[in-house]
Amino acid sequence: MGIIGWIVLGLLAGIIAKAILPGDDPGGIIVTTLIGIAGAFIGGLIAKALGFGDPIDEFFDFSTWLGAIIGSIVLLLIYRLVVGRGRSRTAH
C-alpha cells in the first residue's frame, strides 16, 4: 500500500479512534490525524508481526483496518497520558 493509502487510512483511523475516545486533546485535528497515521502504521506492523495476514499491503482488508484503529487508540491513549501529565504539572 502506498504512502497516500496510509495517510488516508491513518486519517480515518484517527477519526474513528477520536470518536471511540472523545475528550479534549491539545493539538486538535492536526495532532489527531498525525496520531492516526502513526497508529495505523504501528498497528499494521504489529498485526503483521503477530501473523494476522499482511495488513500493510491490503487497504480493504479487515485486519488492516482493525490494526490501524487499535494502533491509533493505543497511541492516542499514550499521548493523553504523556500530555495530561505535563498539563497537570503546569496547572499547579
Side-chain angles (χ1 to χ4, degrees):
M1 182 164 55
I3 189 72
I4 302 297
W6 274 108
I7 291 172
V8 171
L9 177 63
L11 173 65
L12 295 173
I15 291 169
I16 292 169
K18 181 70 173 172
I20 292 172
L21 298 171
D24 186 26
D25 294 321
I29 189 75
I30 294 171
V31 172
T32 302
T33 302
L34 294 174
I35 288 172
I37 293 167
F41 185 70
I42 292 169
L45 289 175
I46 291 171
K48 184 175 181 178
L50 293 175
F52 293 111
D54 195 4
I56 298 208
D57 292 332
E58 299 295 326
F59 184 81
F60 294 106
D61 190 44
F62 179 73
S63 65
T64 301
W65 284 90
L66 188 61
I69 293 168
I70 291 172
S72 296
I73 289 171
V74 169
L75 208 55
L76 184 59
L77 288 172
I78 292 170
Y79 174 72
R80 285 182 179 179
L81 286 173
V82 170
V83 172
R85 221 180 296 150
R87 288 172 111 188
S88 63
R89 277 191 228 137
T90 59
H92 293 287

Do any side-chain atoms of residues 66-77 form donor-acceptor pairs under 3.5 angstrom with protein atoms, and if so which ones, sequence neighbours left out?
from  : atom 1 : to    : atom 2 : distance (Å)
Ser72 : OG     : Gly36 : O      : 3.2
Ser72 : OG     : Ala68 : O      : 2.9

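Here the straight-line distance linking atom CD1 of Ile42 with atom CD1 of Ile35 works out to 10.5 Å at 0.5 Å rounding.
Put simply, Ile16 and Tyr79 are part of the same group of oily side chains (I, L, V, M, F, W, Y) that touch within less than 4.5 Å, one to the next.
Contact annotation: the side chain of Phe41 never approaches that of Leu9 to less than 4.5 Å [non-hydrogen atoms, C-beta and beyond].
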